[in-house]
Amino acid sequence: MFKEDKQNKIFGRRKGKKLSNLQQKNLDKYINEFSIFPSDNDNIPKLKKINPYNLFNDLRIMDIRLEIGFGMGDFLFEKALSFPNVGFIGCEIFENGVASLLNKIIKYKISNLRIHFGNCLDLIYNLNLSTLNEIYVLFPDPWPKNKHKKRRFFNENNAFYLCSLLEKNGTINIATDIDDYAAQILGIMKKKKNFDLINSNLFQNEISNIRNFNTKYEKKAIDSGRNTNYLIFKKKYE
Ligand SMILES: C[S@@+](CC[C@H](N)C(=O)[O-])C[C@H]1O[C@@H](n2cnc3c(N)ncnc32)[C@H](O)[C@@H]1O
């Protein structure tokens, strides 16, 4: 499933416990049907530039929303179920997460959700500009040690790409329970004159819930009493 080069290196786990028979069967049988970049027989996604609206040709889609690193896919699944006229796209490298979301897509016959099982960079480099209404980056891998911080997803370069994918009035929604990562994100976004910080509880000393995304890692943060920083930025103009 993965083709990697040095520049776009993937960090983090790709496999966990063995998939159930049903998960394996669904993954083998349906992943191409719900993939943003279907593969040939070699199982390597065929990357190409895409207009995300074309992924949902048979539906009347109002807008498109993207989640980076959807983990077990709970947030995307809930949203796709609640908003059938919105096209949801998500990417994830962790096989168990992809299999778990795919099972729900099949079980609940979800038609407005597409997946990229692979590196999120391959996705964001290939989406047409100004096509997304919302982007979610929920609890990105924290890489807290100084020597690993350069592995963090939200850096200047990736933020540049993400921001260019948003249409006017589109929002980028970020959550992290790592304070210095939140500060890093804010520092990067403050330099963008065409974005406003429209909501944040940054560094408040309370367990705040300005947003509740109900993801596995949000629950982990709440259970261990860690405060989550939520940041929402809106694009004012192209
Ligand atoms: C800390 S988890 C958070 C998962 C989920 N958003 C949540 O809140 O529960 C970060 C996720 O990002 C995924 N991830 C890390 N690097 C990635 C990459 N290059 N492309 C796609 N997903 C990635 C990981 O596999 C992991 O599932």
Side-chain angles (χ1 to χ4, degrees), residues 1-17 19 23 27 31 34-37 44-45 47 65-80 88-104 113-127 132 134-145 148-155 157-159 161-162 165 172-182 184-185 207 209-224 226-232:
M1 267 295 168
F2 297 100
K3 211 172 150 198
E4 233 182 273
D5 58 33
K6 225 175 176 183
Q7 213 186 349
N8 297 349
K9 203 166 163 36
I10 297 172
F11 302 100
R13 235 167 29 132
R14 300 182 195 181
K15 286 195 179 204
K17 66 175 194 254
L19 300 184
Q23 282 178 325
L27 195 60
I31 187 66
F34 292 95
S35 277
I36 297 171
F37 306 109
I44 296 180
L47 303 177
R65 304 180 193 175
L66 160 72
E67 184 180 3
I68 302 277
F70 59 69
M72 301 314 280
D74 305 318
F75 172 76
L76 265 188
F77 168 70
E78 295 284 332
K79 289 285 173 197
F88 289 89
I89 57 179
C91 48
E92 178 53 60
I93 51 166
F94 187 49
E95 185 183 62
N96 302 64
V98 172
S100 167
L101 178 57
L102 199 53
N103 266 10
K104 289 189 201 149
L113 178 45
R114 295 289 181 276
I115 295 172
H116 174 51
F117 177 14
N119 192 348
C120 58
L121 300 183
D122 288 334
L123 177 61
I124 65 178
Y125 295 167
N126 280 301
L127 287 174
L132 304 180
E134 290 183 14
I135 297 176
Y136 294 90
V137 185
L138 306 179
F139 301 86
D141 286 330
W143 300 114
K145 289 186 187 160
H148 288 149
K149 281 185 183 160
K150 56 180 177 298
R151 296 181 177 184
R152 286 177 172 174
F153 166 74
F154 207 100
N155 57 31
N157 189 49
N158 294 343
Y161 275 95
L162 284 187
L165 297 178
I172 175 159
N173 303 262
I174 305 165
T176 174
D177 51 350
I178 307 295
D179 284 351
D180 84 309
Y181 200 173
Q184 177 181 335
I185 292 164
I207 312 242
N209 273 318
I210 61 164
R211 286 300 289 264
N212 202 324
F213 293 107
N214 258 330
T215 70
K216 180 173 166 188
Y217 277 80
E218 184 178 68
K219 285 174 201 145
K220 274 190 181 188
I222 292 169
D223 289 348
S224 41
R226 283 195 304 277
N227 191 31
T228 291
N229 300 289
Y230 298 92
L231 301 108
I232 305 174

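In what follows, residues are counted from 1 in the order of the sequence shown. Start at 1 and go down the list; that is how both ligands and their atoms are numbered. On a predicted model such as this, the values are computed, not experimentally measured, just so you know.
In this structure, the side chain of Ser224 does not engage the main chain of Arg226 through any donor-acceptor pair within 3.5 Å. Under a 3.5 Å cut-off, the side chain of Asn96 and the backbone N or O of Lys17 do form a donor-acceptor pair. Side-chain atoms of Tyr181 come within 3.5 Å of backbone N or O of Phe154 as a donor-acceptor pair. Side-chain atoms of Glu95 do not come within 3.5 Å of backbone N or O of Arg14 as any donor-acceptor pair.
Ligand 1 is approached by Gly118 to a heavy-atom distance shorter than 4.0 Å. Not a single heavy atom of Lys219 lies less than 4.0 angstrom from ligand 1.
For atom 20 (N) of ligand 1, the nearest protein heavy atom (residue, atom name, distance) is Cys120 N, 2.9 Å. Among protein heavy atoms, the minimum distance from atom 3 (C) of ligand 1 is reached at Phe139 O, 3.2 Å. For atom 10 (C) of ligand 1, the nearest non-hydrogen atom of the protein is Asp141 OD1, 3.2 Å. Scanning the protein heavy atoms around atom 8 (O) of ligand 1, the nearest turns out to be Thr215 OG1, 2.7 Å. In this structure, atom 5 (C) of ligand 1 lies nearest to the protein heavy atom Gly69 O, 3.6 Å. Ranking the protein heavy atoms by distance from atom 14 (N) of ligand 1 puts Ile93 CG1, 3.9 Å first. Looking at atom 19 (N) of ligand 1, its nearest protein heavy atom turns out to be Asn119 OD1, 3.0 Å. Atom 25 (O) of ligand 1 has Glu92 OE2, 2.4 Å as its closest protein atom, hydrogens excluded (heavy atom only).
Here the CZ-CD1 distance, from Phe70 to Ile115, works out to 4.5 Å after rounding to the nearest 0.5 Å. For the atom pair Ile172 CD1 and Leu162 CG, the distance stands at 4.5 Å (nearest 0.5 Å).
In this structure, Arg13 does not pair ionically with Asp141, as no charged nitrogen and carboxylate oxygen lie closer than 4.0 Å.
Atom numbering of ligand 1 starts at 1 in the shown order; those under 4.0 Å from a heavy atom of Lys216 are 9 (O).
Between Leu27 and Leu102 the shortest side-chain heavy-atom distance falls below 4.5 Å. Between Asp177 and Tyr217 the shortest side-chain heavy-atom distance does not fall below 4.5 Å.
Considering both main-chain and side-chain atoms, Leu138 comes within under 3.5 Å of ligand 1 through a nitrogen or oxygen pair. Checking only distances, Arg13 never comes within under 3.5 Å of ligand 1, N or O to N or O.
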